[in-house]
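Here the structure comes first, spelled out in structure tokens, and everything after it is commentary.
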Amino acid sequence: MTIKHYLQFSDFSLAEYEYLIERARIIKARFKNYEAYHPLLDRTLVMVFEKSSTRTRLSFEAGMAQLGGTAIYLNTRDSQLGRGEPVEDAAQVMSRMCDVIMIRTFGHDIIERFAAYSRVPVINGLTNEHHPCQVLADVFTFIEQRQVIRGKTVAWIGDANNMLYSWLQAAKIFGFHVNVSTPKGYDINYDLVSPEHDYFTLFDDPAKACEGAHLVTTDVWTSMGFEEENAERMKAFDGWCVDAEKMRRAAPDALFMHCLPAHRGEEVTADVIDGPQSVVWDEAENRLHVQKALLEYLVLDRI
């Protein structure tokens, strides 16, 4: 049997995503009704963290427990990975002792090497290049709020980071369009996107990128691993703050999303992230529900 991994958004088909979204809807409803559901009883998730986390750890650890399984937390400071053990060796050992592995690390090549030697499914909890679990939660949140995402327009305001690359992959699969506005010098790396570019449009002016958008989304200006660039980025990103004026340019019923943590007054103003169009708290909670559906699917296949 071929092992299915989830390393980037493009790893799944539209049919698989439609199944996952429906499973997430059912699993969320059960959770809200306090209905016990333990399909992963006696199964173990190992979570490997090279990058720190709040939402990723909490959502995976709580999610696995709610599915009846066990989650084990490892960080590279407390394991042999932090002392130079080859990724390939770690993969072979860990995958003989558990049922699924989630990794949050830096370079995407690390998780690809790990998956190549793993006997169990591997999930990308975040790499420098991709953040598929977050965008899965975001797409689920949009569909939950607006029923359909096909044919809609998403405005991405910020640098070309892992979130944007996952959004672009999602656009191709779900059939929506992304208006991309990045500051000069923080542009798309075309090695990380599909050669057909009909699913996104570039804008020099972030306000114009928001015109008519059904969803406006952004991220912190300085991602983990780029802290030494913070002062330089503060200057380069001047004008890329999502404020009330930009939201007024979007569709009247446009939503605002942010993967968090957020810095009010930098990438978004307080009146936007805490305002009526913001769904950031639903978006954050939905990491739990979509990842439970993902764990169920990867370990048990379709129910």
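Phe106 and Glu129 make their closest contact through O-OE1, 3.9 Å (heavy atoms, listed as atom of the first residue, atom of the second, distance). Residues Gln277 and Ala254 approach most closely at NE2-O, 3.0 Å, considering heavy atoms. Heavy atoms only, all atoms of each residue included: Ala284 and Leu260 are closest at CB-CD1, 4.1 Å. Between Arg55 and Cys259, the shortest heavy-atom distance links the atoms NE-O, 3.7 Å. When every heavy atom of Asp99 is checked against every heavy atom of Val299, the shortest pair comes out as O-CG2, 4.3 Å. Scanning both residues, Ala71 and Met47, for their nearest heavy atoms gives CB-CE, 4.2 Å.
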### Query
Does the pair Arg264 and Thr269 meet the rule for a side chain to side chain donor-acceptor pair (under 3.5 Å), with working shown?
CA-CA 5 Å; Arg264 290 165 176 79; Thr269 55; over 6 Å; no
### Task
Any chance you could lay out the side-chain contact (heavy atoms from CB on, under 4.5 Å) test for Phe60 and Leu295, step after step, and finish with the verdict?
CA-CA 9 Å; Phe60 271 107; Leu295 287 164; 4.2 Å; yes
### Task
Walk me through it: do Cys241 and Glu266 pass the test side-chain contact (heavy atoms from CB on, under 4.5 Å)?
CA-CA 6 Å; Cys241 178; Glu266 289 184 13; over 6 Å; no
#### Entry: Step-by-step side-chain contact (heavy atoms from CB on, under 4.5 Å) determination, Ile188 to Phe200
CA-CA 11 Å; Ile188 287 176; Phe200 69 90; 3.7 Å; yes
### Task
Apply salt bridge (Lys or Arg N to Asp or Glu O under 4.0 Å) to the pair Glu211 and Lys208, showing each step before the final yes or no.
CA-CA 5 Å; Glu211 290 281 358; Lys208 288 185 178 177; over 6 Å; no
### Candidate pair Thr141 and Asp282, rule side chain to side chain donor-acceptor pair (under 3.5 Å), full reasoning
CA-CA 7 Å; Thr141 303; Asp282 295 293; over 6 Å; no
### Task
Begin from the C-alpha positions of Arg23 and Glu296 and carry the test salt bridge (Lys or Arg N to Asp or Glu O under 4.0 Å) through to its verdict.
CA-CA 9 Å; Arg23 287 302 302 162; Glu296 178 193 69; 2.8 Å; yes
### Task
Go through the steps to decide whether Arg146 and Leu255 satisfy the test side-chain contact (heavy atoms from CB on, under 4.5 Å), and finish with yes or no.
CA-CA 9 Å; Arg146 297 291 184 263; Leu255 301 175; 3.2 Å; yes
### Task
Could you walk me through whether His38 and Gln66 pass the side chain to side chain donor-acceptor pair (under 3.5 Å) test, one step at a time?
CA-CA 7 Å; His38 298 152; Gln66 291 163 18; over 6 Å; no
### Query
Would Arg113 and Glu88 satisfy salt bridge (Lys or Arg N to Asp or Glu O under 4.0 Å), going step by step from the backbone distance to the final call?
CA-CA 6 Å; Arg113 287 164 53 205; Glu88 294 79 3; 2.8 Å; yes
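Taking the six-membered ring wherever Trp is involved, the centroid distance between the rings of Phe31 and His289 falls below 6.0 Å. Ring centers of His197 and Tyr190: under 6.0 Å apart, within the cut-off. Ring centers of Tyr17 and Phe9: under 6.0 Å apart, within the cut-off. Aromatic ring centres of Tyr6 and Tyr297 lie farther apart than the 6.0 Å criterion allows.
Judged by distance alone, the side chain of Tyr117 and the main-chain N or O of Ala90 form no donor-acceptor pair under 3.5 Å. In this structure, Arg233 contributes its side chain and Trp221 its backbone to a donor-acceptor pair below 3.5 Å. Side-chain atoms of Ser278 come within 3.5 Å of backbone N or O of Ile273 as a donor-acceptor pair. In terms of modelled atom types and a separation under 3.5 Å, the side chain of Gln169 and the main chain of Tyr165 share no donor-acceptor contact. Under a 3.5 Å cut-off, the side chain of Asn179 and the backbone N or O of Ala155 do not form any donor-acceptor pair. Asp271 contributes no side-chain N or O that, together with a main-chain N or O of Asp274, makes up a donor-acceptor pair within less than 3.5 Å. A donor-acceptor distance shorter than 3.5 angstrom exists from the side chain of Thr217 to the backbone of Met257, with no hydrogens or angles considered. Side-chain atoms of Ser95 come within 3.5 Å of backbone atoms of Ala91 as a donor-acceptor pair (strictly under, hydrogens ignored). With hydrogens and angles disregarded, no donor-acceptor distance shorter than 3.5 Å links the side chain of Lys152 to the backbone of His177.
Cluster annotation: Leu288 is not connected to Phe140 through the hydrophobic network of ILVMFWY side chains, with a link wherever side-chain heavy atoms come within less than 4.5 Å. Leu300 and Leu67 fall within a single hydrophobic cluster, where Ile, Leu, Val, Met, Phe, Trp and Tyr are joined by side-chain heavy atoms under 4.5 Å apart, directly or via other members. Hydrophobic clustering (ILVMFWY, side-chain heavy atoms < 4.5 Å, transitive): Leu298 and Leu14 are in one cluster. Neither Trp167 nor Val148 shares a network with the other; the hydrophobic side chains, linked directly or stepwise wherever heavy atoms of I, L, V, M, F, W or Y lie under 4.5 Å apart, form separate groups for each.
Put simply, the residue from Leu215, Thr218, Asp219 that forms a side-chain contact (heavy atoms from CB on, under 4.5 Å) with Trp156 is Asp219. With Ser181 as the partner, the side-chain contact (heavy atoms from CB on, under 4.5 Å) test is satisfied by one option alone out of Asp204, Ile157, Leu202: Ile157.
Residues His258 and Val220 meet the side-chain proximity criterion, which asks for heavy atoms closer than 4.5 Å. Between Glu112 and His5, every side-chain heavy-atom pair lies at or beyond the 4.5 Å cut-off. Taking the side chain as every heavy atom from C-beta outward, Met247 and Val242 approach each other to under 4.5 Å. Taking 4.5 Å as the limit, every side-chain heavy atom of Glu16 sits out of range of all side-chain heavy atoms of Asp11. The shortest distance between side-chain heavy atoms of Asn162 and Asn128 does not fall below 4.5 Å. Contact annotation: the side chain of Val180 approaches that of Thr182 to within less than 4.5 Å [non-hydrogen atoms, C-beta and beyond]. The shortest distance between side-chain heavy atoms of Ile149 and His214 does not fall below 4.5 Å. Proximity of His108 to Asn124: side-chain heavy atoms (C-beta onward) are separated by under 4.5 Å at one or more points.
With rounding to the nearest 0.5 Å, the separation of CD1 in Ile143 from CZ in Arg150 is 10.0 Å. The line from CD of Glu50 to OG1 of Thr127 is 11.5 Å long, rounded to the nearest 0.5 Å.
Within a 6.0 Å radius of CZ in Arg302, more than 12 heavy atoms belonging to other residues, nucleotides or ligands are found. Annotation: Tyr186, atom OH; neighbour count of heavy atoms from other residues, nucleotides and ligands within 6.0 Å is above 12. The neighbour count for Asp238 CG, taken as heavy atoms of other residues, nucleotides or ligands under 6.0 Å away, does not exceed 12. By the 6.0 Å contact criterion, CE on Met97 is open, its count of non-hydrogen atoms from other residues, nucleotides or ligands being 12 or less. For Asn189, the CG atom counts as densely surrounded, since its 6.0 Å shell holds more than 12 non-hydrogen atoms of other residues, nucleotides or ligands.
Salt bridge annotation for Lys4-Asp301: absent, with no cationic side-chain nitrogen under 4.0 angstrom from a carboxylate oxygen.
By the 6.0 Å and 45° rule, Arg104 does not stack over the aromatic ring of Phe49. For the pair Arg57 and Tyr73, the cation-pi criterion (under 6.0 Å, within 45° of the ring axis) is fulfilled.
Side-chain atoms of Glu144 and Asn286 form a donor-acceptor pair, as typed in the model, at a separation below 3.5 Å.
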